[in-house]
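Order of the sequence lines fixes the chain letters, A, B, ..., with proteins taken first and strands second; residue numbering starts at 1 for each chain.
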2 protein chains.
Amino acid sequence: MVRKTKEEAEQTRKEIIEAARNVFHESGVSRSSLDKIAKAAGVTRGAVYWHFADKAELFFAMREDVFAPMLARTDARLYDPAFDNPLDAIEASITEFFRVLAECEVVREVFEIMISRCEYVDEFSSVQEEVGRPALAFLEKIERMYQQAFDKQLLRPGLLPAMVARDTWAFTSGLLHLTFGCRKNTGLEQEIPAMIQAHMALRRR
Amino acid sequence: MVRKTKEEAEQTRKEIIEAARNVFHESGVSRSSLDKIAKAAGVTRGAVYWHFADKAELFFAMREDVFAPMLARTDARLYDPAFDNPLDAIEASITEFFRVLAECEVVREVFEIMISRCEYVDEFSSVQEEVGRPALAFLEKIERMYQQAFDKQLLRPGLLPAMVARDTWAFTSGLLHLTFGCRKNTGLEQEIPAMIQAHMALRRR
DNA sequence: TTATATACAAACACGAATGTATGTATAGTT
DNA sequence: AACTATACATACATTCGTGTTTGTATATAA
């Protein structure tokens, strides 16, 4: 029962990625042997090595599957022409990010793996850059939006776009990390939309 | 040349912890074999197993060495009676945290290990709780401080202590994570004091 | 129709890491 | 002075994971 059709092969590829996500999330990346992942996917290591060069490549594939759509969704809100107030766009974009995070378990698992179940050394140190780049990009995007808000006199007087952008940048990053770090202790997730709203209210005129 | 004196034994214990920190930081916790750590410390695995039950216990010891003093220093600022404005105390406490982080490489290495070179599963999942607890405690502390500021009418009108506390909480966490995530890309570290000041200025009357 | 590349499974070879058990010289203790 | 616990070093056994190689049935292209 070998030599599947192309569609079937693509299907097993997806199943391997899904299994990897589950095993990574359960055991951490380092302790997730390819054999464990293969068995979780109902295949052997042969199949895994056929589709992916090694564990790192499998990890990257898993990550890319959820990262790109996430960026697309948040950017769609950020640049939604329906908002004539840039501050509303920023708020909507961040809110959308955490909404997806709360609603989609796959996304949540991948983020949790990347935040607290992966060691960024050697082959994986590039992951940190790949995560850092969108983070930097996000900073630049919202700085431009805040600049627009500033030009439109929508920012509270005395506030500089660069500074409030960095503040929002840190706030967002912290919120993301805290959702995973202190998840069981608090009902933080329920409060997130209110926190985002309060954060933005701080800088509205 | 065995059976050292008690002081010498304590010294090798410290050297093992220091070696562990270096190796953890270089290779990540998972890929740091006890043999590698032992050799970095100039001893054999026998010595490591004599002082520590396993890698996790060694990790905990390394962490505790820098965590407790850090908490003491930031709390000292937070509760410094010299500040009659609680907002100044909060600002000083956070500033102090990042000042120590910038100045002390040992502290920086340990935090970097904990943030991006350790997988929080199995034996290490308890670490996440131990880190989450002080984080929660910090939230409660600054919420009380903000409450005092509120009572003294030092908070900008319309702001609720609980909300600004959470905002500062997320901001601080994000700043910490971003210093390691985007370190090489930007000169972020230089800007941190200004960012903290701007963050606090947002909520001052 | 035949040939070939595909999509895996199965087997192999190797290193690396762990935990433990044992050896041993000496600092402390009585 | 003799004894014992200490502070390691050394050796052993075992497990686990990886990368590669080989085998093989079949989809697919010619």
**Study point:** Side-chain donor-acceptor pair present, B:Thr74, B:Glu96, cut-off under 3.5 Å
**Key:**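 No pair is found: no donor N or O on one side chain lies under 3.5 Å from an acceptor on the other.
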Exercise for review: Assess the pair B:Phe97 and B:Phe111: is the distance between their ring centroids shorter than 6.0 Å?
Suggested key: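 Under 6.0 Å, so yes.
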Check your understanding: Rounded to whole angstrom units, what separation is found between the CD atom of B:Gln11 and the P atom of D:dT6?
Key -> 21 Å
Would you tabulate the nitrogen or oxygen pairs shorter than 3.5 Å linking the protein to nucleotides 27-30 of chain D?
from: D:dA27; atom 1: N3; to: A:Arg3; atom 2: NE; distance (Å): 3.4
from: D:dA27; atom 1: N3; to: A:Arg3; atom 2: NH2; distance (Å): 3.2
from: D:dT28; atom 1: OP1; to: A:Thr5; atom 2: OG1; distance (Å): 3.0

Point to revise | Neighbours of DNA chain D within residues 44-51 of chain A, by heavy-atom distance under 4.0 Å | key: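 Close to the strand are A:Arg45, A:Tyr49.
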Check your understanding: Got a donor-acceptor contact below 3.5 angstrom from the B:Trp169 side chain to the B:Glu140 backbone?
Key -> no
Check your understanding: Is it true that the side chains of A:Glu18 and A:Asn22 contain a donor and an acceptor less than 3.5 Å apart?
Key ->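 No, A:Asn22 and A:Glu18 have no side-chain donor paired with an acceptor closer than 3.5 Å.
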**Study point:** side chain to side chain donor-acceptor pair (under 3.5 Å) evaluation trace for B:Glu15 with B:Gln11
**Key:** CA-CA 6 Å; B:Glu15 283 168 7; B:Gln11 178 60 24; 3.2 Å; yes
Exercise for review: Could I get the full list of side chain to side chain contact (heavy atoms under 4.5 Å, CB included) partners for B:Ser173, not counting sequence neighbours?
Suggested key: A:His177, A:Leu178, B:His177
Exercise for review: Please list, by residue number, the residues of residues 30-37 of chain A whose heavy atoms come closer than 4.0 Å to an atom of DNA chain C; answer none if no residue qualifies.
Suggested key: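 Those residues whose heavy atoms fall under 4.0 Å from DNA chain C, taken from residues 30-37 of chain A, amount to none.
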Exercise for review: Whole angstrom is fine here: how far is it from CD1 in A:Ile16 over to C1' in C:dA7?
Suggested key: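 Atom-to-atom, A:Ile16 to C:dA7, this comes out as 10 Å.
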Point to revise | Short side-chain N/O contact to D:dA7 OP1/OP2 from B:Thr12, under 4.0 Å | key: no
Review point. Which whole-number value in Å describes the distance from A:Glu57 CD to D:dT18 P?
Key: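 Rounded to the whole Å, the gap is 15 Å.
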Exercise for review: Round to a whole Å and report the spacing from NZ of B:Lys39 to P of D:dC8.
Suggested key: 18 Å
Check your understanding: How would you list all residue pairs meeting side chain to side chain donor-acceptor pair (under 3.5 Å) that involve residues 43-54 of chain B, not counting sequence neighbours?
Key ->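 Listed by first then second residue: B:Thr12-B:His51.
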**Study point:** salt bridge (charged side-chain N to carboxylate O under 4.0 Å, His left out) partners for A:Lys141, two or more places apart
**Key:** A:Asp75
Practice item. Under the side chain to side chain donor-acceptor pair (under 3.5 Å) rule, what do B:Tyr146 and B:Thr168 come out as? Steps first, then yes or no, please. Key: CA-CA 10 Å; B:Tyr146 276 126; B:Thr168 298; 2.6 Å; yes
**Study point:** Residue pair A:Lys55 / A:Ser32, side-chain donor-acceptor N/O under 3.5 Å
**Key:** no
**Study point:** Over all atoms of both residues, closest heavy-atom pair of B:Thr172 and B:Phe98
**Key:** O-CZ, 3.8 Å
